[in-house]
Q: 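Here you go, one structure.
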Amino acid sequence: MPPNPAMKAPLHRPAVPSWAEHESQMTEPNKLTHHGVPDHQPASGGIAARARAAATPQYLAGLNPEQREAVETLDGPVLVLAGAGTGKTRVLTCRIAHILSQGRARPGEILSVTFTNKAAREMKLRLGHMLGQAVEGMPWLGTFHSIGGRILRTHAELVQLKSNFTVLDVDDQVRLLKQLLAAENIDDKRWPARMLAGLIDGWKNRGLNPAQVPPGEAAVFGNGKGGKLYASYQERLKILNAADFGDLLLENIRLFREHPDVLRQYQNRFKFILVDEYQDTNVAQYLWLRLLSQAPSKACAPPLTSPRLRGEVDARSASGEGDSRQTVLVEAPPHPDPLPASGAREQIAPPGMTPAAPPKNICCVGDDDQSIYGWRGAEVDNILRFEHDFPGAKVIRLERNYRSTGHILAAASHLIAHNEGRLGKTLRTEDVDGEKVTVTGAWDSEEEARAIGEEIEELQRGGHKLNDIAILVRASFQMREFEDRFVTLGLPYRVIGGPRFYERAEIRDALAYLRVINSAADDLAFERIVNVPKRGLGDATVQMLHDHGRKRRIPLFEAARAVVETDELKPKARGSLRDLLASFDRWRAQREVTSHTELAEIVLDESGYTEMWQKDRSADAAGRLENLKELVRSMEEFENLQGFLEHISLVMDREGSAEDDAVSLMTLHSAKGLEFDNVFLPGWEEGLFPSQRTLDEQGRAGLEEERRLAHVGLTRARRRAKLYFATNRRIHGTWSTTIPSRFLDELPAHNVEITESKGGSGWGGASGYGPSRFDNVESFGSSYATPGWQRAQANRARGQSGRHGQAGGGFNESQSPFSSRSDAGGSSRSKRGPMVIEGELIAKSTGTTSEFSLDDRVFHQKFGYGNIVKIDGNKLTIAFEKAGEKKVVDSFVERA
DNA sequence: TACTACTCCCTTTTT
DNA sequence: GGGAGTAGTA
């Protein structure tokens, strides 16, 4: 099964100016007529124009008045406050269609930015439906980072980079910082590189280069060396011809500031700017947008040499004078930071900006109530003060919700109304009231998972698709319990989020090989793979190469070349290093004559990398090999190695296949933008949700962000929203008693139903929900009628489990599908059911004997390889090489 | 150099 | 409870 079918289609192609050829066609009026977009006469008023006005174009037909206004208001700044489920993406795409069909701009003149590749892809897809192939020609529709990166590559020399610069991922970043810490003799125990990476990232998010970081802030790290480290990190990046994610924007801003002519070029190009999820923009993104959204300089002084504008930028980006922070617009929450909360913001957008340089046709779409990324630098403030920043802005509110039923919407609205820092929208629906939002208490988190599992099976029995069901958790550690439970039930599920494809070790290793081939100066890549697979080139060797490299100011690869000519290394190390260098020389030569995909295969093969995983006995080795194949496959999308590498780190992401019917399990954060008929929201407890840590660190602002998160969670639901809280939860390994979340109390009683859970024991009346006993337990028992049982049977027949064929089913005595006899209601929660009963059940239920025999070697998705030590019907006892001895039903293993 | 044993810490996550 | 990362030893 292809683990990742979605990967093939949506990868960006290298930014070839494919539109150039098409652009001329765009001037022909009728080019867009097919696919429903009406023809137009460019700008030539008269009869045609009136005719056009009379006939409502098809793409406008389905819009409500507010949406339509948002689409048709093309001139001047527009802020669209689009509540959850009000048709935000639709407005954005229609607006683009409108601009094009009105002949107001060509595709290459529209800048349209999103945060995620997924959102960009979605927009391209929808535009594709509206306009036909024309979207191929939306070259400037993409994420902030990919567009920033693209601009940066075109002008790389101006910011001391080469156009083939590498984009570093967090891992590379940390490794580089570790080296710098070592060079400065800073104890990386006390001052972890990861922390510094976080700080630098934060500074970059705020648009601060090393010189602009307020001294006080820079000093908190490494005994005052934080600023210096940031500076030397930036220097190192230039030497390595590399940029990190933050640089893609920050260096772009620098480019624009230092080269007004370049800026002007882009200002001239972009006639229209559209921004998705504006509430999530950080300061750097704001600055970047501000620069681009100035009218080109013909009417006024070049924007960035204008003292006023420079003042703005500097104020915004805190030039170290101490007055560095933007004030929080709507009533500053208690802030630990003692910075003066004065009018820094006031200088940012002096009202006088407009007359000389009217802002562009910029349209930002967002929802302040869905701002949930404050902790990583997003400034809700940006959206809260849009009208101030863009004088004359038109604000359009989309409040008609087309997603959820009345009760759900009322609950969500009532909840979010407890926030003070908001622009205020009231979502309304014409839908029926539907079912009330339910709140259910469970004795502990295990029982919560059991109860939700039950409800899901109930829904399934009622004909609901698993694809229409989602469980949204606050923190990812909550997922395990559900996974365990679903494995037990044999309920198919998929985890959304988690490590991205290109973050996986095997993918990064493979990429590192290719990076070294592409650029011998890529020290970080070289270091990553020099001893992977093991070649006897350990720390000592690498350290020596570093010393050499530093001394002579040459990259590690060159240093290695020099060192093998000496006898500084032991013969063994020297030999294997020489082999490695020779391999790279060979691969580089082959690059000229073979395709990049072929080359990748050759490299993975000859380096021994594939072999390393083939020999690996751990359970995920097979998946890793599969991922490597997928990587090679995905390379076909690109023209050459260079193009592939340029885009891979920005654009590669993983989409679980939506083909199989499965329950979705994800965090609330990753649920933003999605919707499901049935949404389960477990873990509504004080400390977990709202998160205690957020409360401690961010005070009321944090609480409000948590509340927005709750709002996001609720508004994901179309028909049913089911909240849960547990009285006892295991946090960091220890059980602690919890109280229901304050958010539950903030829900309107009228729209909420407190359901008596079916089992478990009391959660005190602390929340006002009253005591309840969970004593009706039998429903959790193993019933042959449950979908779970039937699925288990089916799985057995098919010989696979529910999770994308990845993490396997299988169980040991603590998580057997048949041992789930709840002993809830008591405080003693013995996890394991009586084995004897289990055995009987299995013997009775399956009746078959195993096709395996003693001592067979088998493979299990979750536990890896092992040998069968005991057979009991279809139940095998297997001694796994890594996981130890487990009891597993035979259908979960295959012969190795 | 490589493997094991111990310690530490423990939201959220995109690019 | 467990994963990751480090220190210590074969």
Side-chain angles (χ1 to χ4, degrees), chain A residues 12 113-120 142-149 167-170 173-174 178 187-189 192-195 198 201 204-205 243-250 276-277 280-282 284-285 371-378 445 472-481 484 496-500 502-503 505 531 533-543 569-570 572-573 576 647-654 666-673 683 687-698 702 705-706 708-710 712-713 729-735 831:
Chain A
H12 278 222
V113 274
T114 63
F115 274 82
T116 63
N117 291 308
K118 197 174 152 197
T143 63
F144 277 100
H145 294 267
S146 67
I147 290 173
V167 178
L168 298 188
D169 60 36
V170 188
Q173 235 176 314
V174 169
K178 269 190 182 152
D187 178 14
D188 74 343
K189 262 270 146 52
R194 230 159 238 294
M195 181 197 271
D201 208 49
K204 289 186 173 177
N205 283 158
D244 63 18
F245 283 117
D247 282 345
L248 296 179
L249 284 165
L250 194 57
D276 191 14
E277 306 277 18
D280 286 338
T281 49
N282 60 36
Q285 285 154 343
S371 161
I372 55 176
Y373 286 109
W375 52 272
R376 67 172 196 217
S445 43
L472 312 182
V473 297
R474 175 72 220 332
S476 48
F477 71 81
Q478 290 172 264
M479 289 188 193
R480 183 178 305 149
E481 242 142 349
D484 282 354
I496 314 259
R500 328 242 124 237
Y502 74 89
E503 280 170 0
N531 201 28
K534 299 251 184 297
R535 299 188 175 90
L537 301 170
D539 293 346
T541 312
V542 173
Q543 194 51 52
L569 285 173
K570 290 196 201 106
K572 212 175 127 203
S576 89
H647 285 254
I648 199 66
S649 50
L650 291 180
V651 149
M652 192 96 166
D653 67 355
R654 184 184 56 151
M666 69 191 97
T667 63
L668 286 161
H669 282 91
S670 40
K672 193 164 89 166
L688 176 61
F689 191 33
S691 145
Q692 191 56 49
R693 187 161 159 185
T694 303
L695 261 39
D696 292 345
E697 288 172 7
Q698 319 283 336
E705 183 153 312
E706 294 283 304
R708 289 194 290 268
L709 202 48
V712 166
R729 187 172 294 275
R730 193 167 43 206
I731 300 168
H732 312 327
T734 42
W735 285 96
K831 278 177 153 184

Q: Could you tell me the boundaries of the chain A footprint on DNA chain C, defined by atoms under 4.0 Å from its heavy atoms?
A: C/dG1 to C/dA7
Q: Would you measure the distance from the P atom in C/dG5 across to the matching atom in B/dT12 and give it in whole Å?
A: 16 Å
Q: Base, sugar-phosphate, or nothing for A/Arg708, non-hydrogen atoms under 4.0 angstrom?
A: nothing
Q: Are A/Tyr373 and A/His669 close enough that their ring centres sit under 6.0 Å apart?
A: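 They qualify: ring centres under 6.0 Å apart.
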Q: Answer with base, sugar-phosphate or nothing: what part of the nucleic acid does A/Thr541 contact at a heavy-atom distance below 4.0 Å?
A: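 Result for A/Thr541 = sugar-phosphate.
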Q: Please find the pair of heavy atoms, one from A/Leu688 and one from A/Arg474, that lie closest to each other, and give the distance.
A: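 Smallest heavy-atom distance, with atoms named: O-CG, 3.3 Å.
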Q: Quick one: ring pair (Phe, Tyr, Trp, His ring centres under 6.0 Å) partners of A/Phe115, sequence neighbours excluded?
A: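 A/Phe115 satisfies ring pair (Phe, Tyr, Trp, His ring centres under 6.0 Å) with A/Phe144 only.
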Q: Would you say A/Arg729 and A/Gln478 make side-chain contact, with heavy atoms under 4.5 Å?
A: yes
Q: Are any non-hydrogen side-chain atoms of A/Phe245 and A/Asp201 less than 4.5 angstrom apart?
A: no
Q: Take atom CG of A/Asp169 and atom C1' of B/dT15, then tell me their distance rounded to the nearest Å.
A: 11 Å
Q: With a non-hydrogen cut-off below 4.0 angstrom, is A/Asp539 in contact with a base, only sugar-phosphate, or nothing?
A: sugar-phosphate
Q: Between A/Leu695 and A/Ala573, which has a closest nucleotide on DNA chain B that is more 5'?
A: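 Result of the comparison: A/Ala573.
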Q: Grab the two heavy atoms, one from A/Gly536 and one from A/Ala573, that are nearest each other, plus how far apart they are.
A: O-CB, 4.1 Å
Q: Over how many whole Å does the gap from A/Met195 atom CE to B/dC10 atom P extend?
A: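 To the nearest whole Å, that distance equals 10 Å.
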Q: Roughly how far apart are A/Lys672 NZ and A/Thr116 OG1, rounded to 0.5 Å?
A: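 Nearest 0.5 Å value for the NZ-OG1 distance: 9.0 Å.
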Q: Please report the closest heavy-atom contact between A/Leu248 and A/Ala243, naming both atoms and the distance.
A: CD2-CB, 4.5 Å
Q: I'd like a table of atom pairs between the protein and nucleotides 12-14 of chain B - only N or O on both sides, under 3.5 Å - with the distance next to each one.
A:
unit_1	atom_1	unit_2	atom_2	d
B/dT12	OP1	A/Ser476	N	2.7
B/dT12	OP1	A/Ser476	OG	2.3
B/dT12	O2	A/Trp375	NE1	3.3
B/dT12	O2	A/Arg474	NH2	2.6
B/dT13	OP1	A/Thr667	OG1	2.4
B/dT13	O4'	A/Arg376	NH1	3.4
B/dT14	OP1	A/Arg500	NH2	2.3
B/dT14	OP2	A/Arg500	NE	3.2
B/dT14	O4'	A/Arg376	NH1	3.4

Q: Show the nearest heavy-atom pair for residues A/Lys204 and A/Leu250, with the distance to one decimal.
A: CG-CD2, 3.7 Å
Q: Give A/Asn531 one of three labels, base, sugar-phosphate or nothing, depending on what nucleic acid heavy atoms sit under 4.0 Å from its own.
A: sugar-phosphate
